Amino acid sequence: MRHKYFLFLSVTLAALLLIGCNNDDLEPTGITVKEDEDEVTDTTYTIPTYADDYAAMASWNDRSDWNLANVHDPSVVFDGDYYYMYGTNASYGNAHDGHGHFHGRRSRDLVNWSYMGASMSVTPTWVKDTLNSMRDAVGLAPINNPAFGHWAPVVRKVGNVYRMYYSIIIDNLIGNGLPWSEENFDNTWTERAFIGMMETTDPSSNNWEDKGMVVCSVSDRGTDWSRSSTNDWSGYFKYNAIDPSYVVTPEGEHWMFYGSWHSGIAAVQIDSDTGLPLHEFDINDESTWGTHIYTRTNGSRWQGSEGPEVMYSEETGYYYLFLAYDGLDVPYNTRVARSENVTGPYKGYDGASVTNGGDVYPIVTHPYKFNNHSGWVGFAHNAMFQYEETGDWFYASQARLPANTGGNAYSNAIMMGHVRKVRWTEGGWPVVMPERYTGVPETEISEADLAGNWELITLRYEYRTQQTSVALTLSANGEATGALTGAWSFDEADNVLTIGNTKLYVEREVDWEASSRELTLVFAGLNSSGVSLWGKKTQ
C-alpha cells in the first residue's frame, strides 16, 4: 500500500505545476551567499525576515534563496563545521522533480541554511531489480517502469562515515503492475517499499556511495494481496519499510527503527561495520523483520502513526520514541514515549506501555495559531539532534500553512522547515519551544521581564483543528490571571517560571507573528496531566 504522503501530494502538488513563480515581491532573506552558496555567518544578531509564505520564490531557479523552504521530514547531522539537513522529495510546485532525490542544505548556526542539491542523482538499479526478482518468485510479471517515491531519510555519523538510510516506495499495484489510480485498481494493494543505505566520508562533497537494500516491506499474508475496495484499509504489509531512524546505545549496539501506519514500528539491530542488518533480513522469515516496538491500535493494519525518531538522553537515561500522528496535510502532530531499554517497552506520560497499542502522550507539537498569523498545520515527522556548542537538543520538522492562506488555494502545500529548541522538564520529558530558533543572544532574564501580557496555547488533541491562544497576564505583584491563575515566581538561575504548581521553561526567541518581527519571551511546559502549554509574551 502506498504511504499516505502520496495520497495528498500526488493530487495537490500536481496542480501546483500550473502556478508561475517569481520573486519580485519577496522579502529579503537576511542571508549573505558566497559564490559557492555557503552562507556567511555574521556575528551581529539580526532577526530573520524571510517570508513564511515562500510561494513567490519556490521555483527551482530560486533555490539559492530557499533557506528552509521546501523542507519535509528532515534529518540533521553535524560534521564539525556544518549542520547538514536532508529530507523527502516533496516540494511546492514539484520544484524538486527532475533534479535528483534527498535534497540537502547546510548551516553553521541553525538559522541560515544554504541549499546543496540532491544527494542521489538517480534511483539505484537494485531497487527495480530486487522488486522484480521478488515478483518473479511468486509468479508476477515484472514492472518495467516502476513509479518511485523518495521519502524520509535519516542521517547519522558512525565512526568516520556518514550513513543515510532512505526510503523508496513503489506506487504500482501488486496484481497488474500498473501505476496506482482509480482506473487501474485491480483489487490488489500497491507494491512494497524499500529502505536502502548510502555512505560518504565528506558530506560537504555531497557524493554518496550506495550500499544497497537494508530492509523492505514484509507481509505475513503470503500471496493473499487482495484488497476488496479502495475503502479497505487492512493493509497487506505488516511492516512498511518507510521512515527509518537510528540510535546507538551506550553499550555500543546499533539499531534502526522503521515503520509507517500498517502494524506499527519495528527495530532491527545493525552491524556497525557494514550498516546492514546484524542478522540477515529475509522476507520469508518473520524472526528477521525486527522487534515490535509500537502500534497505535492493536490488531489494526492502518493505524495512523509513523515517522519514528529515536534518541537517547545521557542526562535522563531514557530512549525517546517520537511519532507523527494522523494525516500530514492538517492534523499531523508529534507525540513522544520513552523507555529504559532500546527495544522497549515504551511508555507514555501515564507510565502505561504503548508497545502493543495505545495513544502516546505527551503531544509536543500540534496544529496551532497565535494571534495575527495564519498559524501552522501538518506539523510533525521530526528529527532530534544536539547543538554542538551548547549540548542543547533541537527539534526539526516541516510545518504547513493552512489552506487558502493569503488567498492561495494551494497554500497547504507550502512546507517550511522549523528548527526549535527543546527544554526538559524535571520529570525528564522534552518540551518544544513555541517559536522557531533564531540564535537570539542568551542574555539574563529577570523576574521583572516576565510581567505583562501573554498568549497561551494548550496543545490539546483535536483532529484537524488548530489550537488557538488565550490571554494570560502576569502582574508585577506576582499574580497570574486569565488562562492560568495563581501566584507566579521565576527561577532566574534555570529560567523556570512557576504558576501555581505548573513549571514552564522560558527562552528568549522572536515573536514571529508580530507585524514587524521582534524579540520576546516564550515558554513551554507540561501541566499536571502531561498536556503541553505554550506561551508568548506580547507586551
Side-chain angles (χ1 to χ4, degrees), residues 333-334 336 349-350 361-373 375-376 379 392 395 420-438 440-462 465-539:
N333 61 98
T334 310
V336 64
Y349 188 81
D350 63 0
Y361 291 95
I363 294 171
V364 295
T365 70
H366 187 281
Y368 75 97
K369 181 182 185 300
F370 281 116
N371 290 338
N372 304 319
H373 190 272
W376 296 96
F379 185 13
D392 292 324
Y395 169 106
R420 297 172 182 241
K421 190 173 182 180
V422 172
R423 293 281 297 274
W424 297 85
T425 71
E426 287 183 342
W429 290 98
V431 291
V432 175
M433 287 296 119
E435 295 284 2
R436 283 163 279 178
Y437 176 77
T438 64
V440 176
E442 294 188 9
T443 56
E444 183 177 305
I445 302 171
S446 69
E447 185 169 274
D449 293 331
L450 273 67
N453 296 327
W454 294 69
E455 294 181 53
L456 182 137
I457 296 176
T458 302
L459 297 187
R460 297 185 185 92
Y461 177 57
E462 289 188 76
T465 299
Q466 287 180 278
Q467 295 296 356
T468 56
S469 64
V470 179
L472 168 68
T473 299
L474 302 182
S475 68
N477 66 5
E479 288 296 317
T481 55
L484 297 174
T485 60
W488 71 270
S489 61
F490 184 59
D491 178 348
E492 296 182 7
D494 293 325
N495 286 350
V496 178
L497 165 66
T498 301
I499 303 177
N501 295 319
T502 302
K503 293 186 181 298
L504 304 162
Y505 300 83
V506 179
E507 294 287 333
R508 289 195 187 278
E509 286 296 354
V510 167
D511 185 343
W512 212 270
E513 293 76 34
S515 56
S516 178
R517 293 172 187 162
E518 58 190 15
L519 298 182
T520 190
L521 297 174
V522 299
F523 65 64
L526 300 176
N527 67 16
S528 59
S529 300
V531 177
S532 291
L533 303 175
W534 281 0
K536 178 184 71 172
K537 190 179 181 187
T538 55
Q539 58 178 239

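For the numbers below, each heavy atom of this structure counts, side chains included, while hydrogens, waters and symmetry mates do not. All of these numbers come straight from a predicted model, not from anything done at the bench.
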J.: Which heavy atom of Ile445 sits nearest to which heavy atom of Glu492, and what is that distance?
T.: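 In this case the closest contact between Ile445 and Glu492 is O-CG, 3.7 Å.
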J.: Which is it for Trp429 and Val336 under the side-chain contact (heavy atoms from CB on, under 4.5 Å) test, yes or no, and what are the steps along the way?
T.: CA-CA 9 Å; Trp429 290 98; Val336 64; 4.1 Å; yes
J.: Where does the angle between the aromatic ring planes of Phe379 and Tyr368 fall among parallel (under 30°), tilted (30 to 60°) and perpendicular (over 60°)?
T.: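 Ring orientation of Phe379 relative to Tyr368: tilted.
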J.: Check for a donor-acceptor pair, side chain of Thr425 on one end and backbone N or O of Gly427 on the other, with a separation under 3.5 Å.
T.: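 A pair under 3.5 Å: yes.
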J.: If we ignore hydrogens and angles and just use 3.5 Å, is the side chain of Trp534 paired with the main-chain N or O of Val432 as donor and acceptor?
T.: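 Here the side-chain-to-backbone pair exists.
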J.: Got Phe490 and Asn495 here, is their nearest side-chain heavy-atom distance under 4.5 Å?
T.: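 Heavy-atom side-chain distance check passes, below 4.5 Å.
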J.: Quick one: does Val531's side chain get under 4.5 Å of Tyr461's, heavy atoms only?
T.: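 A side-chain contact under 4.5 Å is absent here.
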J.: Identify the two heavy atoms, one from His366 and one from Asn333, that lie closest to each other, and give their separation to 0.1 Å.
T.: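 That closest heavy-atom pairing would be CA-CB, 4.0 Å.
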J.: To check you understand the geometry: which heavy-atom pair defines the closest contact between Ala480 and Leu474, and what is its length?
T.: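 Of all heavy-atom pairs spanning Ala480 and Leu474, the closest is CB-CD2, 3.7 Å.
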J.: Which value, rounded to the nearest 0.5 Å, describes the distance between Phe523 atom CZ and Leu456 atom CG?
T.: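 Between Phe523 CZ and Leu456 CG, I get 4.5 Å after rounding to 0.5 Å.
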J.: Mark yes or no for whether Trp488, through its side chain, and Ala451, through its backbone, hold a donor-acceptor pair below 3.5 Å.
T.: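 Such a contact is absent between Trp488 side chain and Ala451 backbone.
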J.: If you round to the nearest 0.5 Å, how far is CZ of Arg508 from CG of Leu521?
T.: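 So the gap between those two atoms works out to 5.5 Å.
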J.: Check whether any side-chain heavy atom of Thr538 sits under 4.5 Å from a side-chain heavy atom of Asn371, and report yes or no.
T.: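 Sidechains of Asn371 and Thr538: no contact.
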J.: So, the side chain of Gln467 versus the backbone of Ile457: is there a donor-acceptor pair under 3.5 Å, distance only?
T.: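 No: the side chain of Gln467 does not pair with the backbone of Ile457.
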J.: If you round to the nearest 0.5 Å, how far is NZ of Lys369 from OG1 of Thr465?
T.: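 Those atoms lie 14.0 Å apart.
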J.: Can you give me the closest heavy-atom contact between Lys536 and Thr520, atom names plus distance?
T.: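 Closest heavy-atom pair between Lys536 and Thr520: CG-CG2, 4.0 Å.
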J.: Whether the Gln539 and Asn453 side chains hold a donor-acceptor pair (N or O, under 3.5 Å, no angle test) is what I'd like checked.
T.: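 There is such a pair between these side chains.
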J.: Any side-chain heavy atom of Asp491 within less than 4.5 Å of one from Thr498?
T.: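 Sidechains of Thr498 and Asp491: no contact.
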J.: Can you name the closest pair of heavy atoms from Val364 and Leu459 and give their distance?
T.: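 Heavy atoms only, the tightest pair is O-CD1, 3.9 Å.
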J.: Measure the OH-OG1 distance between Tyr395 and Thr334 for me, rounded to the nearest 0.5 Å.
T.: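 That separation rounds to 3.0 Å.
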J.: Are any of the side-chain heavy atoms of Glu435 and Val510 separated by less than 4.5 Å?
T.: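 When only atoms from C-beta onward are counted, Val510 and Glu435 do not touch, as no gap falls below 4.5 Å.
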J.: Do Thr438 and Trp512 make a side-chain contact, defined as non-hydrogen atoms from C-beta onward lying under 4.5 Å apart?
T.: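 In short, these two side chains touch, coming nearer than 4.5 Å.
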J.: Find the distance between CD1 (Ile499) and CD (Glu479) and round it off to the nearest 0.5 Å.
T.: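 One finds 10.5 Å between CD1 of Ile499 and CD of Glu479.
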J.: Tell me whether the count of non-hydrogen atoms from other residues, nucleotides or ligands lying under 6.0 Å of CG in Asn501 goes above 12.
T.: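 No, not enclosed.
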J.: Quick one: closest heavy-atom pair of Arg423 and Val506, and the distance?
T.: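 Minimum heavy-atom contact is NH1-O, 2.8 Å.
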J.: Kindly compute the distance separating OG1 (Thr473) from NZ (Lys537), expressed to the nearest 0.5 Å.
T.: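 Nearest 0.5 Å value for the OG1-NZ distance: 11.0 Å.
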